[in-house]
Protein chains: 2
Amino acid sequence: MDGEASATTQRPTLAAVAALAGVSGSTASLAFSGAGPVSDSTRAKVLTAAQTLGYAGPDPRAQSLRRGRSGIIGIVIEERLQDAFRDPMSLAMLDGIADETGNAGAGLLLLSDIGGPQLDIRSAPMDAVILVGCSTRLDESVAVLRQRGMPVVAIEADDMPGVLSISLDNRDATARLARHLLDLGHESVAVVALPLDAAKEQQRLPANWDELATSHTTRDRLRGLRDVYPGFGGIVATRSSIDAGRAAGLELLEGADPPTAVVAQSDLLAMGVIRAAESLGIRVPEELSVVGFDGAQVDAMGSYDLTTVIQPAVEKGRAAGRAAVELVEGGSPTPMAFTSELHIGTTTAARSQPERSRAG
Amino acid sequence: MDGEASATTQRPTLAAVAALAGVSGSTASLAFSGAGPVSDSTRAKVLTAAQTLGYAGPDPRAQSLRRGRSGIIGIVIEERLQDAFRDPMSLAMLDGIADETGNAGAGLLLLSDIGGPQLDIRSAPMDAVILVGCSTRLDESVAVLRQRGMPVVAIEADDMPGVLSISLDNRDATARLARHLLDLGHESVAVVALPLDAAKEQQRLPANWDELATSHTTRDRLRGLRDVYPGFGGIVATRSSIDAGRAAGLELLEGADPPTAVVAQSDLLAMGVIRAAESLGIRVPEELSVVGFDGAQVDAMGSYDLTTVIQPAVEKGRAAGRAAVELVEGGSPTPMAFTSELHIGTTTAARSQPERSRAG
DNA sequence: CGCCATTATCGAATCGATTCGATAACGCCC
DNA sequence: GGGCGTTATCGAATCGATTCGATAATGGCG
């Protein structure tokens, strides 16, 4: 007798099951995968043997080596998870992605491209990658992935060869918001911008933002604003949150020459700006118009109906997930461009008349 | 010549690199992994060959088969991602987990145990699993995982053999909150509970909640309240959110015989209850005391300083992540029990005198 | 000068399954 | 009853790396 198998905590292998069932390994495999003709009696024998041995099914590692697929799709997040997941838009997208990839039987592997000896894009066993919240510096990541022959989907990034892009009309949508403000007579407009790059300190928007920005989304939205208000200025917030918006709003509104309208680059930031205005006794929209971006249903929005553009975040995620799945299966999905929808709420109004200015 | 390799889009293998470099496969492997003595000149040759062929490093699939490790830790979420990620506590824990597993060089694979042909706990290539937001019905999941010989860490679950548990003093902390209310003279206390199970409809708390509840956290916290207020009743909210809290709060406060104090099972729910009170013209804390749970920094908390218990959510996640890593490495970490800290804010006050009741 | 301890390299086995081509068994029809 | 098309099963190759034990080359030391 060979009583050596039970000493270690080794799981039984398919070969062991086959041996016990008295069939060959190939037949046992067929019996499990159902990918071939197997008689009912044989299948039963195999299944019984598996039961006896406590065989939990084929080892996924061996399977993925043989099949050349792991069933895993990587998602690259550019920030700390906690930051990424606080943003309702990221969440919505993630949910869309999860929906599609889940339906296709794939799992989602979270990867961050920052720091650490982490399991990273060069060593993770995945079949495709989705880049979320893309910055322009992801070129390196893409290079690595291309070398690995890995299909890549990018959400809101520049077009890059070999990368399937899912885009949003950030520029145009912002321009539409700006034009709405222009129609209302606003001349002094300031932005509360999303971070330009990884450096997260609040600052005045530098004049050369177009060169500095590594975040596509931020840059494109700023461009949209510039299309309508060439000389606009503003503040760069530390992140997309109500608190960051309030801080930025305070700096804007308490400074010299406060604007009559603020373009916030997210609904959370917009809500923060409104808070800031409230705390300074500035009425919205009578004395200050505020617009956002996203169409997030911000809890705590109170009685305001924010003027904003509504982006199809879940759909964007869905599209990305679907594209990734198609790429894995050898298909060639087409890039998709999504458009946002202007929603005019109660936070914008015609510019108050100059004669109401105090002193003169 | 054998010009057949370039036709397909096949990635080069380590063997190809070794061949070009004129060394054996084993040596090439050593050169890459650094796990053995290799002369500098040989290493250089190998690296050059790799460069030439565009070799992107060892195939993770083959690696994980051979090594018996994939570097992936699975996280089982019991709800839709979107739901899970909306809860600040889940996020904080996730962040703690990600921190520790990331440092250990492991990636996080998101798994949901609901529906679909998903890559699931029986077929995902992972080294360990962390169960988050555990319900009592996860016994089946645990059975599957044990059969696979997979290390399992569970956060806030019953003790189960073979499962390393990370627990929180849900019951005791709730009892402390309740005692605080008792000290303030409150006799009529109602709960706004977290969902008892997957069914997500708002309902009156059934009398036999102790049997019905499949969520450990919900049940243990309810038990804590019962320890102090044996006959309490209340509402089961649809989820942990401000909106759900408001809805539940309205039902409680508009109903017959409204309570003088509400124990909400999360800070978000508590905030919702406060909102409900505000909209009904009921003053907090003068006419209604409200306590929460979690110690979440709820944006939009306004001027309230919520009485609650602060749980170390990030630390809980860290502990789970660390435990998972240790289990993978063959260690035997010990279970951990975390405790929450009572924070008395401005949302609780002594019960208003009965003579203030209207009519009689 | 010869022996032994290092150091660098190699060959072959191994991880655990899948899959292709071959073989054997079987019933069918003319 | 013999040839043929099915159906079930098997053997062996393969996926792409890692690693153990063996071998060859190198250097130090007595």
Side-chain angles (χ1 to χ4, degrees), chain A residues 5 8-46 49-50 53-71 122-127 148-150, chain B residues 5 8-46 49-50 53-71 122-127 148-150:
Chain A
T8 63
T9 321
Q10 275 180 100
R11 296 284 92 204
T13 70
L14 183 56
V17 173
L20 179 61
V23 302
S24 75
S26 23
T27 303
S29 175
L30 280 288
F32 266 99
S33 66
V38 178
S39 73
D40 290 343
S41 67
T42 306
R43 191 197 322 282
K45 270 193 300 185
V46 173
L53 261 47
Y55 179 68
D59 183 327
R61 285 180 283 253
Q63 254 181 158
S64 68
L65 170 58
R66 183 63 240 238
R67 296 223 239 247
R69 295 244 193 116
S70 61
R122 43 185 13 111
S123 65
M126 44 198 182
D127 301 335
R148 284 187 63 184
M150 186 82 64
Chain B
T8 64
T9 320
Q10 272 181 104
R11 297 284 90 204
T13 71
L14 183 56
V17 173
L20 179 60
V23 301
S24 75
S26 24
T27 303
S29 175
L30 278 300
F32 266 99
S33 66
V38 177
S39 73
D40 290 343
S41 66
T42 306
R43 191 196 323 283
K45 268 192 302 184
V46 173
L53 261 47
Y55 179 68
D59 183 328
R61 286 180 284 253
Q63 250 180 159
S64 69
L65 170 59
R66 181 66 241 239
R67 297 223 238 245
R69 294 241 194 119
S70 61
R122 42 187 12 113
S123 64
M126 47 198 180
D127 301 335
R148 284 188 62 184
M150 186 83 63

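The chains referred to below are lettered A, B, ... by the order of the sequence lines, with proteins before strands, and numbering in each begins at 1.
Residue B/P60 comes nearest to A/S123 through the heavy atom pair CB-O, 3.6 Å, listed as atom of the first residue, atom of the second, then distance.
Residues that satisfy the side chain to side chain donor-acceptor pair (under 3.5 Å) test with A/R69, not counting sequence neighbours, are absent from this structure.
The bend of the helix from C/dC1-D/dG30 to C/dC30-D/dG1, defined by the angle between the axes of its first five and last five pairs, stands at 50° to the nearest 10°.
We find that A/D59 and A/R66 are not joined by a salt bridge, their nearest charged nitrogen and carboxylate oxygen being 4.0 Å or further apart.
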### Message
Could you go through B/V23 and B/R43, starting from their C-alpha distance and side-chain angles, then the distance that decides it, and tell me whether this counts as side-chain contact (heavy atoms from CB on, under 4.5 Å)?
### Response
CA-CA 10 Å; B/V23 301; B/R43 191 196 323 283; over 6 Å; no
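Interatomic distance, CE of A/M150 versus CZ of B/R11, reported as 10.5 Å (0.5 Å rounding). Taking CD of A/Q63 as the reference point, atom OG of A/S29 lies at 8.5 Å (rounded to 0.5 Å). Taken to the nearest 0.5 Å, the OG atom of A/S24 stands 8.0 Å off from the CG atom of A/L30. To the nearest 0.5 angstrom, A/R67 atom CZ is 7.0 Å from A/S33 atom OG.
For residues 13-23 of chain A, the set of pairs meeting the side chain to side chain donor-acceptor pair (under 3.5 Å) definition, not counting sequence neighbours, is empty. Residue pairs meeting the ring pair (Phe, Tyr, Trp, His ring centres under 6.0 Å) criterion with at least one partner in residues 12-34 of chain A, sequence neighbours excluded, are A/F32-A/Y55.
Residues A/R61 and B/S41 each lie close to DNA chain C; by heavy-atom proximity, the contact nearer the 5' end of the strand is made by B/S41.
The footprint of chain A on DNA chain D, defined by a heavy-atom cutoff below 4.0 Å, extends from D/dA8 to D/dG16.
Backbone-only engagement by A/P58 is indicated by non-hydrogen atom pairs under 4.0 Å involving sugar-phosphate atoms exclusively.
Residues from residues 16-33 of chain B lying near DNA chain D, meaning a heavy-atom separation below 4.0 Å, are B/S26, B/S29, B/L30 in numerical order.
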